[in-house]
> 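Dropping the structure in here first, questions after.
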Amino acid sequence: MPLALLALAVGAFGLGTTEFVMMGLLPDVADDLHISIPAAGHLVSAYALGVVIGAPLLAALTARMPRRTVLVSLMALFVAGNALSALAPGYDSLLAARFLSGLPHGAFFGVGAVVATNLVAPERKARSVSLMFMGLTIANIAGVPVATLMGQHLGWRATFLGVSLIGVAAMAAVFLLIRPAHTPAPTTGLRGELTALRSLPVWLALATTVVGFGALFSAYSYITPMLTRSAGYGEGNVTLLLALFGVGATIGNLVGGRLADHAMRGTLFGGLASMVAVLLLFPVLMRAEWSAAVAVVLLGVAAFITGSPLQLMVMERAAAGPSLASSANQAAFNLANAGGAWIGGVALAAGFGVTSPALAGAALAILGLGVASVAFAVDRRRAVPVPVRERVIASHVPETAEPLHSA
């Protein structure tokens, strides 16, 4: 694998750290700015809103720019957003800075995934995407805990300054390690990107992402009460257990990337099926401390096995202009975050028990299997070209996207 993938992983590490660290800093920010915890929670939502809006918007605005230039520019925006967060004089300005920080998130992952697949041989496309995503999963193991401790001891503003430095390092790495020859400006432009996004298979792939990862967030959003109220862990141990989730996610991400290079469809269906099994077992596994720890790791493995296949699936269905669709898939991940958390909350509010969000997640994973089945059935009916290992190489195999209204 080329060293240039390290540059993308560094950027992913910074993005993952700043996305999730706010959850650990909420009490500190609330105390310093004299606001309530729920009001501080809006800072998490502001970042997610920035991701959803920024992913397709920035991908569209940069459709004719060289990809390396786009990646460096996106990281510059990321650095500016985090620096402004550190210097924010009050709540409203911090809210705006968090929104700004989220804008480049989806576009960086989307464009970065396209660049990653152009850096490697055709048989290693999924692995290249998984190595970029590894920066995100490692952020949950090391970046978020270290940044949280930093904020607790040096102040939350120091955390965002530190994350800004990670962004500067990512800018330098992208500029130095990714050669311009591997990241030329796309020839399709915005018109080609929009045409590719009108394809029904693309929207079915995006729907699979929303429902499939909604299953994860339905359970993971409420993992703390499950661990403390059901498994019996003290609140002080939750951070370590969340790091175990990051370990599982890293393992699943690497395994999923390798398997998807051999059988993308089988890897996707296998990942979703394993998520159904793990989530159905959650009420049993959460009855003891040791089995709860195992459940957290297994959830990370099962969920992130599907990460690379889902990203590549979207890119393949939009092969004529993959950058916009690839970025839109990152917006889909964040919609899955919000929607899954809401569905899990409904299960809790209905009085079905503290582990009920996991069962709701299992239902979503089953629905994800259904959507994925429909997506592959549509591919077969439309005779979407699928080579030997069930993978279309987005950068080498052109696809004429069919308009959505033609279905």
Side-chain angles (χ1 to χ4, degrees), residues 1-22 47 50-51 53-88 96-120 128-129 131-140 142-144 146-147 150 157-186 311 323-324 326-327 330:
M1 288 292 175
L3 190 61
L5 290 174
L6 175 63
L8 298 174
V10 172
F13 178 82
L15 290 163
T17 300
T18 200
E19 179 178 18
F20 295 111
V21 74
M22 180 56 75
Y47 186 93
V51 177
I53 293 176
L57 177 63
L58 293 180
L61 292 176
T62 59
R64 285 198 174 274
M65 293 174 59
R67 302 293 86 183
R68 186 177 74 162
T69 302
V70 172
L71 292 173
V72 172
S73 301
L74 290 172
M75 289 313 302
L77 183 59
F78 169 80
V79 170
N82 282 279
L84 289 173
S85 296
L87 300 174
R98 286 291 291 171
F99 175 79
L100 180 65
S101 300
L103 286 176
H105 181 115
F108 184 89
F109 276 105
V111 175
V114 176
V115 170
T117 58
N118 288 331
L119 292 172
V120 300
S128 71
V129 174
L131 288 177
M132 182 188 71
F133 282 176
M134 189 170 66
L136 177 65
T137 59
I138 290 179
N140 284 282
V144 173
V146 171
M150 184 178 177
R157 296 179 187 275
T159 294
F160 290 111
L161 286 177
V163 173
S164 296
L165 293 178
I166 297 174
V168 172
M171 289 174 61
V174 168
F175 185 80
L176 295 174
L177 298 179
I178 298 179
R179 295 167 54 189
H182 290 145
T183 58
Q311 187 71 35
S323 295
L324 181 56
S326 181
S327 299
Q330 297 303 310

> Can you tell me how far CD1 of I178 sits from CG of L119, rounded to the nearest 0.5 angstrom?
6.0 Å
> Is it the case that the side chain of S101 and the backbone of A97 share a donor-acceptor pair, with hydrogens and angles ignored and the cut-off at 3.5 Å?
yes
> Are M22 and Y47 packed together at the side-chain level, in the sense that at least one heavy-atom pair is separated by less than 4.5 angstrom?
no
> Working to the nearest 0.5 angstrom, can you tell me the gap between T18 OG1 and F13 CZ?
11.5 Å
> Counting N and O atoms only, with roles assigned by atom type, does the side chain of Q311 sit under 3.5 Å from a partner on the main chain of S326, one being a donor and the other an acceptor?
yes
> Using only atom types and a distance under 3.5 Å, with no angle test, would you say the side chain of T137 pairs donor to acceptor with the backbone of M134?
yes
> With a 4.5 Å heavy-atom cut-off, do F108 and L71 have their side chains touching?
yes
> Between CG of L6 and CG of L176, what distance do you get to the nearest 0.5 Å?
11.5 Å
> Report the residue from L8, V115, T117, N118 that forms a side chain to side chain contact (heavy atoms under 4.5 Å, CB included) with S128.
T117
> Any side-chain heavy atom of V79 within less than 4.5 Å of one from M171?
yes
> Does some side-chain heavy atom of R98 sit less than 4.5 Å from a side-chain heavy atom of F160?
yes
> Checking ring-ring contact (aromatic ring centres under 6.0 Å, His included) for the pair H105/F78: CA distance, chi angles, key distance, verdict?
CA-CA 8 Å; H105 181 115; F78 169 80; 8.6 Å; no
> Does the S327 side chain pair with the main chain of A59, one donor and one acceptor, at a distance under 3.5 Å?
no
> Would you find a donor on one side and an acceptor on the other, under 3.5 Å apart, between the side chain of S85 and the backbone of G81?
yes
> With distance as the sole test, does R179 use its side chain to make a donor-acceptor pair with the main-chain N or O of L177 at under 3.5 Å?
no
> Is the closest side-chain heavy-atom distance between T62 and S73 below 4.5 Å?
no
